[in-house]
Amino acid sequence: MKSGEVKLFAAILVVAIILVAVALVPMLTARDPRKPAPPPRGLTGEELAPPSARSLGNPKARYTLVEFGDYQCGLCKTAHDRSKGWIKKYGDRLRYVFYFYAAVTHLHSRSMARAAEAAAEQGKYWEMHNLLFQNAPTMSKLSPKEGDELIMKLAAKLKLDMIKFRAALQGPSTDKAVTAGEDLAVRAGVQSTPHFFIVTPDGKIDRLQFLDNVEQWLKDPTKFK
Amino acid sequence: MRPKLANRLVFVFALLGAGISAYLTAAHLNPALLTCGPIVQGCDEVAAHATSRGFGIAGLESVPTAAFGLLMYLWVAALSFVRVASAALDRIARLLQAATAVAAVGVSAWLTYLEAFVIRAWCQWCIASAALTVLILLAIALERPERAGELAESHT
């Protein structure tokens, strides 16, 4: 040490490191952040991913990947972009089901979910789903009125019957469909998005929870042949 | 402001900023760690926005934006340490600190704008970090230039 000032700085640094260690280490070691929570209780694979659920990939696949996601959550958009690759690569042996769930309140999330359900009434759920994620960054800059206008533009882009679409958006059926997904998320113990589950051939639910865990699970495709 | 005092302030502010950034980085790894309040309640919304990961830039999403802040604060603190440890590097270290602080204030201003007008939610940790970048820049700017060699002279 060359001077008292260097000693002072070193002392401050040591105190700072100790304070950070005292504050952060117990927080980080309390629970492995990549370790998912236990599987949900009182919910069956059949309830989480019934055969009637809208899906991509192979509808008769033995394994179903279930995602709970929010159209305005940044990581959900990343998950959506990656899910296209999963379906392209493993779609012959995997079924993919998506439910909307917003773990935190976002300005447009629910109206976007309603738009997907309204498009579903004209058989274009996944097309609208893709467009909503594509336009999520733009949507986050808009006011509620501007957001509604963008949803109408997306519906027009999909060549939906606009009268029927508008009626569906305002009708109770879309709200009921969105709420059904949200209720399922609550029963499954979803507290953050995106949140993933695997429904196995014997109807059990395996909670993967995190995006990284899905990619890890998919690394060994022999296990879900 | 005397160089010695200015540099001490910059060092302490940078360490405080590093602590906040380290916490926010940890909270990105485990969202359950993120606490908000009592004045503002929008941390979850801010943390969920695309810009909270890699500034919202495609390809950088896997790195929390807070981690870049952590690196910036550690860099500024390291430069403060260099200033007291090496007379020869005092001037260049101060210049690097000033350039870093200007860039940090610019980035913080953009992130604060996003909170106010795009996300429409506030996170106290982000506000505190933005304030610290301003304080660091102020401490550097208010250092009397004619005394800039004081730190180096004091131990040579």
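These numbers come from a predicted model, not from an experiment. Chain letters run A, B, ... following the sequence lines, proteins first, then strands; residues in each count from 1.
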A.B. asks: Which heavy-atom pair separates Val6(A) from Val84(B) by the least distance, and what is that distance?
C.D. replies: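 Heavy-atom minimum between the residues: CG2-O, 3.5 Å.
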A.B. asks: My understanding is that only one of Leu13(A), Val15(A), Ile17(A), Leu19(A) makes a side chain to side chain contact (heavy atoms under 4.5 Å, CB included) with Leu15(B); could you say which?
C.D. replies: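 Exactly one candidate clears the test, Leu13(A).
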A.B. asks: Take atom CH2 in Trp75(B); do more than 12 heavy atoms of anything else shown fall under 6.0 Å from it?
C.D. replies: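 Check fails, neighbour count at 12 or below.
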A.B. asks: Heavy-atom count around Glu149(A) CD within 6.0 Å, excluding the residue itself: above 12?
C.D. replies: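 Correct, the count exceeds 12.
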A.B. asks: For a quick test of reading the model, state the closest non-hydrogen atom pair linking Gly19(B) to Val20(A) and the distance between them.
C.D. replies: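 The answer is CA-CG2, 4.2 Å.
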A.B. asks: Quick check for you: to the nearest 0.5 Å, what is the distance between His49(B) atom NE2 and His106(A) atom NE2?
C.D. replies: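 These two atoms lie 8.5 Å from each other.
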A.B. asks: Side chains of Arg8(B) and Phe9(A): closer than 4.5 Å at any heavy-atom pair?
C.D. replies: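 Yes; the side chains approach each other to less than 4.5 Å.
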A.B. asks: Under a 4.5 Å cutoff for heavy-atom pairs, which residue among Thr78(A), Leu8(A), Leu107(A) has the most contacts with chain B?
C.D. replies: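 Looking at each of Thr78(A), Leu8(A), Leu107(A) in turn, Leu8(A) comes out on top.
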A.B. asks: Chain B: which of Ala16(A), Ser143(A), Ser140(A) shares the most heavy-atom pairs with it under 4.5 Å?
C.D. replies: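 The candidate making the most pairs under 4.5 Å is Ser140(A).
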A.B. asks: Take atom NZ in Lys84(A); do more than 12 heavy atoms of anything else shown fall under 6.0 Å from it?
C.D. replies: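 More than 12 heavy atoms, drawn from other residues, nucleotides or ligands, come within 6.0 Å of this atom.
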A.B. asks: Give the minimum heavy-atom separation between Arg120(B) and Leu142(A), together with the two atoms involved.
C.D. replies: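 Looks like NH1-O, 3.6 Å.
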